[in-house]
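Below, chain A is the first sequence line, B the second, and so on; all start at residue 1.
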Amino acid sequence: QKEVEQDPGPLSVPEGAIVSLNCTYSNSAFQYFMWYRQYSRKGPELLMYTYSSGNKEDGRFTAQVDKSSKYISLFIRDSQPSDSATYLCAMSTPRDDKIIFGKGTRLHILP
Amino acid sequence: DTGVSQNPRHKITKRGQNVTFRCDPISEHNRLYWYRQTLGQGPEFLTYFQNEAQLEKSRLLSDRFSAERPKGSFSTLEIQRTEQGDSAMYLCASSSNPGQGSGDTQYFGPGTRLTVL
């Protein structure tokens, strides 16, 4: 079992829909949780950064962390075609600052 | 542009040749990371520097790979005797880590895409 599991998709949804992306993980030491967006042939761009459990909202994006279930989610409201990209979940521990990434989920927003 | 920059953006080489990539981090970021990403996978950690000190190397980093950050600013990643399996996107990231255990927000560059023929 990999440390971070993420469904690679692709996930196709109509414009304006709410998108739900998620990851599970096995290492209970993870405390920092991130979501990156990556457009084709570009570097990852940091979207959300959360510490420990709870929710964080930024515009149309909401990140949730449930440490008891080892499950994190990213919700995108009012999805736009420009949101079409690969979304990578990532996490790290306080002891070890390197980031462990999921495989990424390819998202297509259909106009 | 004050983000992380990487050069070259693309590199095509023949098997057995040596290649070198450069990363310029965000100004005054003391940490610099190298990752490798293959198609359909997330980035995988290779190594990182705090200032000029190389603090950790992944077991993915074979003896043919070497990284330097001589003055604590830009970094280079060299691959000697390239193999077809080295074909990947090589990503650099930087952060201004306030100290271990305080979380680390890493900002990525656009990557260098390496193709080994």
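- B:Y35 has its ring centre less than 6.0 Å from the ring centre of B:F108.
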A:D58 vs A:K56, test: salt bridge (charged side-chain N to carboxylate O under 4.0 Å, His left out). Steps then yes/no. CA-CA 7 Å; A:D58 184 0; A:K56 184 174 182 179; over 6 Å; no
Output, in order, the C-alpha distance, side-chain angles, deciding distance and verdict of side chain to side chain contact (heavy atoms under 4.5 Å, CB included) for A:F30 and A:E3. CA-CA 10 Å; A:F30 286 137; A:E3 277 192 289; 3.8 Å; yes
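- At a heavy-atom separation below 4.5 angstrom, chain A is approached by B:E56 within residues 52-59 of chain B.
- Of all heavy-atom pairs spanning A:Y39 and A:S82, the tightest one is OH-O, 2.8 Å.
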Begin with the C-alpha distance, continue with both residues' side-chain angles, and end with the deciding distance and a verdict on side chain to side chain donor-acceptor pair (under 3.5 Å) for A:N55 and A:E57. CA-CA 7 Å; A:N55 294 358; A:E57 187 173 323; over 6 Å; no
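- The CG atom of A:L88 lies 11.0 Å from the CG atom of A:L46; values are rounded to the nearest 0.5 Å.
- Of all heavy-atom pairs between A:S79 and A:I109, the closest is CB-CD1, 3.7 Å.
- Contact tally against chain A (heavy-atom pairs below 4.5 Å) for B:Q6, B:R9, B:R113, B:E44: the top residue is B:R113.
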Before you tell me yes or no, could you show the steps for B:H29 and B:S94 under side chain to side chain donor-acceptor pair (under 3.5 Å), namely the whole-Å CA-CA distance, both residues' side-chain angles and the distance that decides it to 0.1 Å? CA-CA 6 Å; B:H29 274 190; B:S94 70; 2.7 Å; yes
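- Both the backbone and the side chain of A:P44 have a heavy atom closer than 4.5 Å to some heavy atom of chain B.
- The aromatic rings of A:Y36 and A:F101 are tilted relative to each other, their planes meeting at an angle between 30° and 60°.
- The OH atom of A:Y71 sits 12.5 Å away from atom OH of A:Y25, with the distance rounded to the nearest 0.5 Å.
- For A:Q38, the part lying under 4.5 angstrom from a heavy atom of chain B is the side chain only.
- In this structure, A:V4 is not a member of the same hydrophobic cluster as B:L46, with clusters built from ILVMFWY side-chain heavy atoms closer than 4.5 Å.
- The parts of A:R41 that come within reach of chain B are both its backbone and its side chain, each placing non-hydrogen atoms under 4.5 angstrom from that chain.
- The OG1 atom of A:T50 lies 11.0 Å from the OH atom of A:Y32; values are rounded to the nearest 0.5 Å.
- Inspection of non-hydrogen atoms places B:M89, B:L91 of residues 71-92 of chain B under 4.5 Å from chain A.
- The greatest number of non-hydrogen atom pairs below 4.5 Å with chain A, out of B:P43, B:P110, B:G40, is found for B:P43.
- For B:Q37, the part sitting under 4.5 Å from any heavy atom of chain A is the side chain, from C-beta outward, and nothing else.
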